Every structure is written in structure tokens, then in C-alpha cells.
Amino acid sequence: MKRGIIVLCLCIVAMAGYFTTDRWAIRHTTLTFHDVLRDDRDVTVEVAVRRDRQMQAMAEMIELPVAILSHGNTVRNTEYSFLTNVFASRGYLVVSIQHDLDTDAPMVTKVGEEYVGRRMQYNRGVFNIMYAIDELKKLYPNANYRALTLIGHSNGGDISMFFARQHPDLVKKVVTLDNLRVPFITDSKIKILSFRSRDPVFKADPGVVPDDETCARLGIRVVRTEFQHNDLSDRGPDSAKSSIQAGVEQFLDEDAGESPPTMPLLAASASSQDKDKSAAPDTK
């Protein structure tokens, strides 16, 4: 009975979506959880998912693939809508985690130490991701948390690569935007795509990006752009965002099981203004 009602709703949503794609495309929900094992630390996430795909998952017709997005230092988790839209449009459950809190000590660089002294932030990021997944399983049980796609810019890219190193059995793909500290994984079947900036200030540490021969042998795709390090977020020019979107689309298309989006990214982008916070248990 439940499944029949949901299928009927899907038909109604599909008809409405035909006329109002921008409104019905993607649902954005902000959730804040409290990790009691870390002194009630707030872990805030923005969840983006196509409405029709969410309803199909609720009806147990499909299992949603999951993408975890980690932001760069001093950039908010909500400032990557151009990437969120790509993955959500393709049917992913996209989870953008706010790793840094205003009460956290500022991140510093300690030359000569492992990861220039940022292992603490990477460990915290791993804890945030694992905790968010545990909480989201209660709200979105029909999603595949066993084959994650990790996305990250700068420090968030390092968190993504660090997580993949620690939990390779949970990760299927990693997409980084100019991560600078944590070396790429070269001993697993994880698919890697990395966009590199052309920035005179922000340079990757030695050994982070494999040489061209290693990348070719392992199928690691490195895209060298003309953009600055800080352009690789919503703050950057449209040319940077559209170029990255195209590269990500091509990367995803290489998987036989991936299907292209059924709605244009322009419509998906418009829907990003449709924020649904009614489901949030706490948004402080």
C-alpha cells in the first residue's frame, strides 16, 4: 500500500516537474547534529537530492549513490552549489559538511611537520564524515554509504584524500579541487579526478600529485586549469565553474552505470534557491 501511494506521488511529481522543473528539481535541506562523544560538537550538513529520486528511494525502487563534499579553509560548505548541482542532478544524495566552527582555533602551517601540521584537522574531518553518515542513515536509509564519492576543495580535498586513505573500502571515487598536502592514493582501485590551479602562491607539496607516467598507468585524471586556487568555488568566475562542471560530467560518464542528468544544470541551479529547512531538527 505504501509503495503504491509513493508511486502515485511520483507520477504527480513527474507531471508537475514537466511544467516547473526549477521548483521540483532539487531539494536542499540543512541539518545540524550534535556529536555527544565530542562535547556536543555541532556537525551541520546541507543535503541536496532530486525530489523524484528521493521518492523512488523511499519506495525502495532504487538506492541513492552518495557524494560527500568538504569545503576549503575559510570557505563555507554551501559555497559549492555548482558542484552540488552536478551530482544532485545525476541522482546523488549530496552531503556538504561544515567542518570548521567559529570556535575552532585557526588553522596554521607548520613547515617540516607531517601535512604541515594539519593532521588534527584531517582527523576531525574524518570524524565529521563518519558521524554525519551514521546520522543520515536514519533519515535516508535507502542510500549507498558503502561506495562514497568524495569531493573537496583545497583543505577539503585533503580531508577527502585522507579519508580515502583510511577507509578505502568505503570510497569509490575522489574528486579534488587543488588539494595541496595529502598525496594521491596510488595503491587502490579508487577513481581519482583532480583539478589543479595555476596559482603563484598556492602550490602542492612535493609528492602530492603523481607524475604524468604514474597517472597514465593508474588512470588518475589530472586537469591543469588556468584558474586561481580561490576561483574553485562559487566565488570564482562562471568560466571556471562551467569548465569544472564539464570535466566532472565527463568523469562520471566514464562509469557504465552512470546516467546523464534528466534536467539541465541551469534548472538545477535555479532550484538551489529553493531551500527546505523544515526537516532540520536544529539549525543553530
Side-chain angles (χ1 to χ4, degrees), residues 28-48 66-84 87 94-111 113-136 148-167 171 174-182 194-195 197 199 201-205 208 228-236 272 275 277 280-284:
H28 292 258
T29 305
T30 299
L31 304 166
T32 298
F33 308 112
H34 306 289
D35 189 349
V36 295
L37 297 181
R38 291 187 289 165
D39 298 323
D40 280 339
R41 181 182 177 87
D42 287 351
V43 179
T44 298
V45 303
E46 184 189 69
V47 179
V66 177
I68 306 289
L69 190 148
S70 297
H71 59 86
N73 186 31
T74 74
V75 187
R76 303 295 294 179
N77 65 316
T78 54
E79 293 186 80
Y80 298 90
S81 63
F82 75 105
L83 280 174
T84 299
F87 285 91
V94 187
V95 182
S96 303
I97 301 177
Q98 181 61 42
H99 289 291
D100 303 332
L101 304 180
D102 293 339
T103 53
D104 291 337
M107 189 168 59
V108 297
T109 299
K110 299 178 181 178
V111 178
E113 293 191 15
E114 181 189 36
Y115 306 129
V116 296
R118 295 182 181 176
R119 189 184 182 97
M120 181 182 71
Q121 281 81 12
Y122 302 156
N123 284 329
R124 185 175 66 201
V126 170
F127 291 147
N128 288 340
I129 292 172
M130 294 299 288
Y131 176 72
I133 288 174
D134 286 342
E135 293 299 315
L136 289 167
L148 303 172
T149 294
L150 302 179
I151 314 157
H153 171 219
S154 190
N155 190 62
D158 288 318
I159 290 173
S160 300
M161 201 66 75
F162 189 78
F163 183 98
R165 282 182 168 275
Q166 291 196 331
H167 302 282
V171 181
V174 177
V175 178
T176 71
L177 310 177
D178 225 25
N179 66 300
L180 305 178
R181 311 298 181 186
V182 180
S194 184
F195 297 91
S197 73
D199 197 301
V201 177
F202 293 93
K203 301 288 187 181
D205 290 344
V208 170
Q228 300 292 297
H229 180 83
N230 291 326
D231 287 340
L232 308 183
S233 70
D234 282 349
R235 303 177 185 182
S272 66
K275 301 285 186 179
K277 300 187 180 181
D282 186 351
T283 57
K284 73 175 183 178

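Just so you know, these numbers use all the heavy atoms, side chains as well, and skip hydrogens, waters and symmetry mates. Treat the numbers as computed from the prediction; the structure is a model and nothing was measured.
Here the closest non-hydrogen pair linking Asn77 and Ser96 is ND2-O, 2.9 Å. The shortest non-hydrogen separation linking Val208 to Val182 is CG1-O, 3.5 Å. When all heavy atoms are compared, the tightest approach of Thr176 to Gly157 is CG2-O, 3.9 Å. Closest of all the heavy-atom pairs between Val174 and Ala164 is CG2-CB, 3.9 Å. Taking both residues in full, the closest heavy atoms of Ser197 and Leu232 are given as CB-CD1, 4.5 Å, listed atom of the first, atom of the second, then distance. Residues His153 and Ser233 come closest through the heavy atom pair ND1-CB, 4.5 Å.
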**OP:** Could you walk me through whether Asn73 and Ser154 pass side-chain contact (heavy atoms from CB on, under 4.5 Å), step by step?
**Re:** CA-CA 7 Å; Asn73 186 31; Ser154 190; 5.5 Å; no
Subject >> Stepwise side-chain contact (heavy atoms from CB on, under 4.5 Å) check, Asp42 with His34 >> reply: CA-CA 5 Å; Asp42 287 351; His34 306 289; 2.7 Å; yes
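Listed by chain and residue number, Asp205 satisfy the salt bridge (charged side-chain N to carboxylate O under 4.0 Å, His left out) test with Arg181 (two or more places apart in sequence, or in another chain). Asp158 pairs by the salt bridge (charged side-chain N to carboxylate O under 4.0 Å, His left out) definition with nothing, not counting sequence neighbours. Not a single salt bridge (charged side-chain N to carboxylate O under 4.0 Å, His left out) links Asp231 to another residue, sequence neighbours left out. For Arg124, the salt bridge (charged side-chain N to carboxylate O under 4.0 Å, His left out) criterion is met by Asp100, Asp104, not counting sequence neighbours. Applying the ring-ring contact (aromatic ring centres under 6.0 Å, His included) test to Phe202 and every residue at least two apart in sequence or in another chain returns His229. By the ring-ring contact (aromatic ring centres under 6.0 Å, His included) test, Tyr122 pairs with Tyr115, Phe162, sequence neighbours left out.
Counted by atom type alone, Asp234 and Ser81 present one or more donor-acceptor pairs between their side chains at under 3.5 Å.
Side-chain contact between Gln98 and Thr32: absent, with no pair of heavy atoms (C-beta onward) separated by less than 4.5 Å. Between Phe33 and Asp134 the shortest side-chain heavy-atom distance does not fall below 4.5 Å. The side-chain heavy atoms of Arg76 and His71, taken from C-beta on, include no pair separated by under 4.5 Å. A heavy-atom distance below 4.5 Å is not found between the side chains of Glu46 and Leu69. Proximity of Val43 to Arg38: side-chain heavy atoms (C-beta onward) are separated by under 4.5 Å at one or more points. Residues Ile133 and Val66 fail the side-chain proximity criterion, which asks for heavy atoms closer than 4.5 Å.
Note that the NE2 atom of His28 and the OG1 atom of Thr78 stand 11.0 Å from one another [nearest 0.5 Å]. Expressed to the nearest 0.5 Å, how far CD1 of Ile129 lies from OG of Ser160 amounts to 6.0 Å. The structure places CG of Leu83 at 6.5 Å from CZ of Phe87, a figure rounded to the nearest 0.5 Å. Interatomic distance, CD of Gln121 versus CE of Met107, reported as 6.0 Å (0.5 Å rounding). Here Leu150 contributes atom CG and Ile68 contributes atom CD1; the two are 7.0 Å apart, rounded to the nearest 0.5 Å. Atom CG of Leu101 is separated from atom CG of Asn128 by 8.0 Å, given to the nearest 0.5 angstrom.
One N or O on the side chain of Asp35 and one on the backbone of Leu37 form a donor-acceptor pair closer than 3.5 Å.
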